[in-house]
Each structure stands twice: as C-alpha cells, then as structure tokens.
Amino acid sequence: MQTVNISHVAEYVDEEVKIAGWVYNKRSSGSVIFLILRDGTGFIQAVAVKGEISDGDFQTCDELTQESSVVISGKVRADKRAPGGFELAVTGIEVVQIADEYPISLKKHGVDFLMERRHLWLRTPRQTAILRIRHEVIKAIRDFFDEQGFVLIDAPILTPSACEGTTTLFSTEYFDSTAYLSQSGQLYMEAAAMALGKVYCFGPTFRAEKSKTRRHLTEFWMVEPEMAWVDLDGNLKVQEELVSYVIQRVLEEKKNELETIKRDTGRLENIKPPFPRISYDEAVEILHKCGVEFEWGNDFGGGDETVLAEQFELPVFVHRYPSSVKAFYMKPDPERPEVCLSADLLAPEGYGEIIGGGQRIDDLELLASRIKEHNLPEEAYEWYMGLRRYGSVPHSGFGLGIERFVAWICGLDHVRETIPFPRLLNRIYP
RNA sequence: UCCCUGGUAGCUCAAUGGCAGAGCAACCGGCUGUUAACCGGUGGGUUGUAGGUUCGAAUCCUACCCAGGGAGCCA
C-alpha cells in the first residue's frame with residue numbers, strides 16, 4: 001500500500017493508501033471517531049467506525065491524544081461533510097508514539113506562552129503557512145537575481161569591526177582578539193561588485209540594538225545587492241522590479257497559504273512598477289501638510305513613515321535624505337551636496353522601511369574625509385578605501401529586510417512570526 | 001535607557017476592599033457524521049516576588065522580577 005502526502009489524496013479517490021502524520025484533533029460520537037490528521041502538506045479527516053475495523057484498532061483510535069504520531073491506512077473518498085472535501089475511511093492504524101498532554105490547544109493563547117513554545121507553535125496551520133510564504137519569498141528573490149545576471153556572494157559573518165560604526169554590535173571572542181557579528185555585508189559586496197559587476201549576498205544580520213517593537217529582531221535576514229556602473233535611478237528600478245516580482249510570485253504560488261492566514265490580497269495585486277518617488281524635501285512637506293511636527297534634517301520615525309506611506313497606494317521611494325542622517329559612504333548629490341543619493345522604500349499598510357539603499361561614494365579623497373569625520377578607525381577601512389584607488393566606478397546597492405517584507409506580504413502585526421526561531425531583545429529561547 | 005499597559009487554575013479570562021470563579025484542557029461516563037463537536041460528572045489556586053496599609057488585600061501603597069506595546073536606533 002502506498003504512503004501518500006495529504007496534499008495529493010485527491011489523486012487516490014477510492015484507493016486504499018497510508019498517511020503518516022500527527023493527530024491534530026479528535027472528535028467522537030461514541031461509535032464514530034473523527035481524527036483530523038496533518039502531515040506537513042495538509043490536513044485530512046480520518047473516520048473510524050466501530051464494527052468496520054477491528055475492536056483493537058477502534059480502541060487505539062479512541063486513545064489517541066493531540067499530536068500523537070500515527071500511520072493510518074484507509075480508503076480515500078470524496079465527502080461533502082469532510083473539511084477539504086476528502087476523507088479517509090480508516091482500515092488500520094499503527095501508533096508510532098502517543099503524545100503527552102499537548103500544551104498548545106486549539107483555543108487562544110497569549111504571545112508569551114506561544115513564544116516559549118515556538119518549537120511546537122510552528123506546527124499550527126497559520127505558522128506553517130507563513131513559513132511556506134517565507135520560503136517562496138526567498139526562492140523568488142534568488143530567482144530574480146539569477147535571471148538578472150547577479151552572482152551570489154556570501155559575506156563573512158565574523159567581521160573585524162563595524163561596517164557603519166554606529167549601531168551596536170554583538171561581539172565574540174576571536175582567539176586573542178574580538179570579532180563582531182556582521183550587521184551588513186555591504187562593504188564586502190562593494191568589493192565583489194568590482195570583481196563581478198552585479199552581486200548580492202543573502203544572509204543573517206545581527207544588531208544588538210535594544211529595540212522592542214513589532215518591526216525589530218536582533219537576528220534577521222537581509223538580501224544586499226551591489227551593482228557596479230549603476231546610479232541611484234538604476235538602483236531604484238531594480239528595487240521596484242524585485243519587490244513586484246516577489247509579490248506576484250507569492251500571489252501565484254501561495255494562494256492557499258494566503259487564504260489560511262486570511263490575508264486580504266487586494267492591495268498586493270496592484271503592486272507593479274513604477275513606484276512613486278518623492279524627495280526627502282517633498283516628504284517633509286507632506287508631513288507638515290498632514291499636521292505632523294517635523295524638522296528638516298531629522299530622520300523619519302515609525303509614525304512618520306506610516307503617514308508618508310498612507311499617501312500612496314504603492315510602496316514609495318523617499319530619496320535624497322540629508323547626508324547627516326545616512327551612512328558615511330552615501331554619495332552626495334552633485335547638485336546639492338547637503339543631501340545624498342540615498343533612498344528608502346516605504347511599504348504600505350504601516351509596514352515602514354523595507355529597503356534602504358543608495359549610490360556609494362566613489363571618490364577616494366571624499367571617502368577618506370568622511371571616515372575621519374565619523375571617527376571610524378582608518379586602518380579597518382584601508383581595504384575599503386582601496387576599492388576607490390584601483391579603478392573606482394559609480395556603484396549602488398541596497399538592503400532588503402526579509403522579515404519586514406514577509407510581514408507585509410502576510411499582513412502580520414509583528415515580524416516575530418516571519419522567522420522560525422526569532423531572536424528578540426529578551427528572548428533567545430528556544 | 002526612557003514612557004505606557006499587564007501578571008489570578010495547564011490555557012484564555014472574570015472577580016475593584018468582604019466566601020477566588022467560568023469556559024476550555026485533563027480525568028470518568030454518554031452519544032453511529034463530528035466540523036475549535038456536544039451533554040453529565042470529578043480533580044485542579046503560595047492571585048509574579050518581597051514588604052507595607054487595613055478588622056480584612058487578587059483588589060490600595062512601595063520596591064523588584066517577568067512579559068507586551070511604543071520612543072530612540074534601524075531592515
């Protein structure tokens with residue numbers, strides 16, 4: 001007898017098959033027992049009827065607990081009364097393990113309770129749907145860059161010093177010295193772009209910021225493309241193409257999952273290039289028009305970003321920020337040196353900044369003076385400055401935060417559900 | 001680091017100065033089509049911790065611990 005995945009049972013109507021899985025729920029009306037099974041690919045109802053199977057097997061079905069692991073044999077049949085339209089008429093059962101009393105019930109639980117049991121929480125339909133969407137997002141990103149001729153370059157995770165020198169880093173012993181966990185692969189991507197043209201890295205990023213909000217993790221995943229011979233405009237085009245490509249792919253490939261998590265996909269369906277572009281100056285004007293107090297020269301807060309994003313149906317680029325609020329390597333606008341050729345992409349529906357990027361300084365003298373102004377250790381950046389010494393070219397790149405992107409696509413109110421085992425300010429278990 | 005909110009049964013919550021409760025879960029029993037099944041019964045408490053006020057504290061006060069949300073910073 002063939003063992004099949006629940007997602008494929010429709011192909012086996014009127015055949016007897018085996019399903020290996022877990023007991024998600026059990027209902028009984030005395031002589032009929034309904035077992036809801038899950039196997040990671042879906043859910044199916046198995047029906048055991050007294051008299052139609054051996055008394056021993058019926059007794060076994062009666063004694064099953066939530067999350068017990070079983071291999072059940074039965075005949076697949078279509079039945080309107082069954083959730084999903086198909087059910088399994090049980091003919092035999094093999095218990096692999098009877099589960100202890102399972103802590104996660106089908107009723108409501110608090111966030112703290114679930115986070116302490118994240119290893120079990122992952123089994124719920126909502127969490128598996130989110131993780132499948134995350135998988136599709138990552139796959140689509142890699143396909144996009146592959147189709148566009150980018151080369152995947154892995155950036156180091158152990159680094160000798162801060163890339164931007166401002167945010168707090170996690171430190172770790174490195175033999176007789178100290179190393180830091182990477183908070184960005186960008187500088188290394190700039191080096192790789194000078195070797196290969198168009199490159200990207202995709203890896204974990206660590207920030208020891210004491211942020212306690214729905215948008216922050218201390219360990220998160222970021223994709224960071226870097227392109228030689230590309231200016232700010234070219235950079236933005238790649239970004240809007242990428243974001244649109246990924247969203248359309250998820251809408252096509254993960255319909256069921258989006259339905260499981262009850263995501264209203266109306267606004268996502270319209271996400272296609274080009275995205276609106278506004279300058280920082282225009283953004284400040286919009287804030288003022290909306291009655292928000294904001295001083296030119298500051299960076300936008302979460303609330304400001306939401307107000308700005310609400311003015312547009314699509315994600316919106318905000319470009320040419322004051323150089324003072326951006327990283328030292330951002331290239332000044334030649335026509336207006338106090339602002340730089342940077343741009344952030346703000347997602348709709350309050351999801352805030354999902355991309356930050358810009359054109360990099362390609363002039364050695366300017367870069368050297370910026371490093372001095374920011375009190376960065378020059379020795380540590382010697383190699384980086386060297387990129388401007390040997391065939392410097394205009395180049396641009398950006399960083400896209402995977403969890404914020406997935407949270408937006410899924411319509412979640414917190415990024416912690418978009419990553420299997422989230423690391424937060426006060427949480428590193430399980 | 002700062003601000004706000006919360007912590008009561010395994011879970012979700014009620015009780016606002018006067019007997020610590022309900023639903024679910026667990027356990028026992030019933031039910032031949034259930035849909036977070038339903039019905040009857042049983043067990044289940046150091047009310048986050050330590051002090052204080054009071055005849056009396058889950059409830060009021062102080063400190064601490066833990067969690068959630070937000071600010072700053074950022075993707």
Side-chain angles (χ1 to χ4, degrees), chain A residues 24-36 43-52 58 62-63 65-67 77 79-85 87 89 99-117 120-121 124-125 163-164 166-169 183-186 202-224 239 298-306 325-327 344-347 351-357 398-408 413-416 418-419 424-427:
Chain A
Y24 177 70
N25 195 11
K26 186 180 80 179
R27 290 183 280 267
S28 160
S29 51
S31 304
V32 183
I33 296 170
F34 300 93
L35 300 169
I36 311 298
F43 294 78
I44 191 170
Q45 171 169 284
V47 187
V49 180
K50 195 166 194 172
E52 292 180 13
F58 188 81
D62 196 39
E63 285 165 3
T65 56
Q66 191 187 355
E67 288 302 312
R77 66 187 177 207
D79 192 312
K80 274 188 294 195
R81 295 169 294 185
E87 65 181 18
D100 283 357
E101 188 183 334
Y102 196 63
I104 298 185
S105 73
L106 302 181
K107 303 271 177 176
K108 211 184 152 196
H109 294 288
V111 172
D112 185 37
F113 180 84
L114 291 169
M115 290 291 281
E116 282 292 316
R117 293 158 186 80
L120 302 177
W121 187 19
T124 61
C163 278
E164 305 181 19
T166 52
T167 41
T168 323
L169 301 171
Q183 58 148 346
S184 167
Q186 183 205 312
F202 198 133
T205 299
F206 307 88
R207 306 259 169 107
E209 293 154 5
K210 302 211 166 176
S211 300
K212 247 181 111 170
T213 80
R214 67 185 72 212
R215 302 184 307 280
H216 288 88
L217 298 164
T218 54
E219 178 182 310
F220 63 98
W221 288 68
M222 192 155 65
V223 57
E224 294 176 280
Q239 295 175 35
N298 290 335
D299 202 355
F300 303 122
D304 304 325
E305 288 179 352
T306 302
V325 302
K326 287 290 172 189
D344 287 352
L345 182 65
L346 307 182
Y351 286 92
E353 184 184 346
I354 59 166
I355 292 180
F398 62 94
L400 165 69
I402 299 303
E403 287 77 17
R404 285 187 183 178
F405 194 21
V406 174
W408 167 36
D413 62 6
H414 201 300
V415 291
R416 67 186 157 217
T418 66
I419 186 166
L424 298 149
L425 179 54
N426 290 318
R427 197 177 289 282

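Below, chain A is the first sequence line, B the second, and so on; all start at residue 1.
Using a 4.0 Å heavy-atom criterion, one finds that A/Q66 contacts no nucleic acid atom at all. Base contact: A/E87 has a heavy atom under 4.0 Å from a base atom. Nucleic acid contact for A/G110: sugar-phosphate only, since backbone atoms but no base atoms lie under 4.0 Å from a heavy atom of the residue. Within 4.0 Å (heavy atoms only), A/P103 reaches no atom of the nucleic acid at all.
Distance CD1 (A/I33) to P (B/rG30): 13 Å, rounded to an integer number of Å. Rounded to whole Å, the distance from CG on A/L217 to P on B/rG69 is 11 Å. Atom-to-atom, OH of A/Y24 to P of B/rA25 comes out at 14 Å; the value is rounded to the nearest Å. Atom NZ of A/K26 is separated from atom C1' of B/rC27 by 12 Å (rounded to the nearest Å). When the C1' atom of B/rC66 is taken as reference, atom CE of A/M115 falls 14 Å away, rounded to whole Å. Residue A/D79 contributes atom CG, which lies 11 Å from atom P of B/rU34 at whole-angstrom precision. The nearest whole Å value for the distance from the CD1 atom in A/I402 to the P atom in B/rA75 is 14 Å. Atom CD of A/Q186 is separated from atom P of B/rC74 by 14 Å (rounded to the nearest Å).
Put simply, A/R27 has no side-chain N or O that comes within less than 4.0 Å of OP1 or OP2 on B/rU32. Using a 4.0 Å cut-off, no side-chain N or O of A/H109 falls inside it from OP1 or OP2 of B/rC24. The side chain of A/S29 places no N or O atom within less than 4.0 Å of a non-bridging phosphate oxygen (OP1 or OP2) of B/rC31. At B/rC66, none of the side-chain N or O atoms of A/N426 fall inside 4.0 Å of OP1 or OP2 (strictly under the cut-off). Considering only side-chain N and O atoms, A/R207 lies nowhere under 4.0 angstrom from the phosphate OP1 or OP2 of B/rG72. Taking 4.0 angstrom as the limit, A/R427 places a side-chain polar atom (N or O) nearer than this to OP1 or OP2 of B/rG68.
B/rC13 and B/rU47 are spaced 13 Å apart, taking the C1' atom of each and rounding to whole Å. Taking atom C1' in both B/rA25 and B/rC11, the straight-line distance is 7 Å, to the nearest Å. Remark: the separation of the P atoms in B/rG56 and B/rA20 is 16 Å, to the nearest Å. The same atom, P, is picked in B/rC73 and in B/rU12; the two are 35 Å apart, to the nearest Å. Comparing the P positions of B/rG48 and B/rG7 gives a spacing of 8 Å, expressed to the nearest Å. On the C1' atoms, B/rG41 is 32 Å away from B/rG18, given to the nearest whole Å. Comparing the same atom, C1', in B/rU8 and in B/rG45 gives a spacing of 8 Å after rounding to whole Å. Comparing the same atom, C1', in B/rG44 and in B/rC24 gives a spacing of 14 Å after rounding to whole Å.
In this structure, A/V32 and A/F58 approach most closely via the heavy-atom pair N-CZ, 4.4 Å. Scanning all heavy atoms of the two residues, the minimum distance from A/Q45 to A/P83 falls at OE1-CD, 3.6 Å. Pairing each heavy atom of A/A347 with each of A/I354, the nearest pair is CB-CG2, 4.0 Å. Heavy atoms only, all atoms of each residue included: A/T205 and A/Q183 are closest at CG2-O, 3.1 Å. Closest heavy-atom contact between A/D299 and A/V325: N-CG1, 3.8 Å.
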Identify the pairs formed between an N or O of the protein and an N or O of nucleotides 38-47 of chain B at a distance under 3.5 Å, and give each distance.
none

Would you tabulate the nitrogen or oxygen pairs shorter than 3.5 Å linking the protein to nucleotides 4-7 of chain B?
none

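A stacking contact between A/F34 and B/rG33 is absent: the pair does not combine a ring-centre distance of less than 5.5 Å to the base's six-membered ring with planes differing by less than 30°.
Here A/E52 pairs with nothing under the salt bridge (Lys or Arg N to Asp or Glu O under 4.0 Å) rule; sequence neighbours left out. Residues passing the ring pair (Phe, Tyr, Trp, His ring centres under 6.0 Å) test with A/Y24 are A/F43, sequence neighbours excluded. Take A/E87 and apply the salt bridge (Lys or Arg N to Asp or Glu O under 4.0 Å) test, not counting sequence neighbours, and it matches A/R77. Residues meeting the ring pair (Phe, Tyr, Trp, His ring centres under 6.0 Å) test with A/F398, sequence neighbours left out: none. With sequence neighbours left out, the salt bridge (Lys or Arg N to Asp or Glu O under 4.0 Å) criterion links A/D112 to A/R427. By the side-chain hydrogen bond (donor to acceptor under 3.5 Å, both in side chains) test, A/K326 pairs with A/D344, sequence neighbours left out. In terms of the side-chain hydrogen bond (donor to acceptor under 3.5 Å, both in side chains) criterion, residue partners of A/S105 (sequence neighbours excluded) are, by chain and number, A/H109. Looking at residues two or more places apart in sequence or on another chain, you find a side-chain hydrogen bond (donor to acceptor under 3.5 Å, both in side chains) between A/E403 and A/R134. Among residues two or more places apart in sequence or in another chain, the salt bridge (Lys or Arg N to Asp or Glu O under 4.0 Å) test is passed with A/R81 by A/D79.
Listed nucleotides B/rU32, B/rA67, B/rA71 differ in distance to A/R215; the shortest reach to its side chain belongs to B/rA71. Closest contact between the side chain of A/R416 and the listed nucleotides B/rG68, B/rA71, B/rU34 involves B/rG68. You'll find that the side chain of A/K210 is closest to B/rU1, out of B/rU12, B/rU1, B/rC74. Between B/rA67, B/rA75, B/rG68, one nucleotide has an atom nearer to the side chain of A/E353 than all others, and that is B/rA75. Taking the side chain of A/K108 as heavy atoms from C-beta on, and the options B/rG33, B/rC74, B/rC13, the nearest nucleotide is B/rC13.
Looking at A/R404, its side chain does come within 3.5 Å of a backbone N or O of A/R215 through a donor-acceptor pair.
For B/rG33, its base sits under 3.5 Å from the side chain of A/R77 at one donor and acceptor pair at least. For a distance-only test at 3.5 Å, the side chain of A/S211 qualifies as a donor-acceptor partner of the base of B/rC73.
Map A/V49 and A/F300 each onto its nearest nucleotide of RNA chain B; the residue landing nearer the 5' end is A/V49. Both A/D304 and A/F220 lie near RNA chain B, and the one whose nearest nucleotide falls closer to the 5' end is A/D304.
In RNA chain B, runs of at least 3 stacked Watson-Crick or G-U pairs (N1-N3 plus N6-O4 or O6-N4, or N1-O2 plus O6-N3, all under 3.5 Å) give these stems: B:1-7 with B:65-71, B:10-13 with B:21-24, B:26-30 with B:38-42, B:48-52 with B:60-64.
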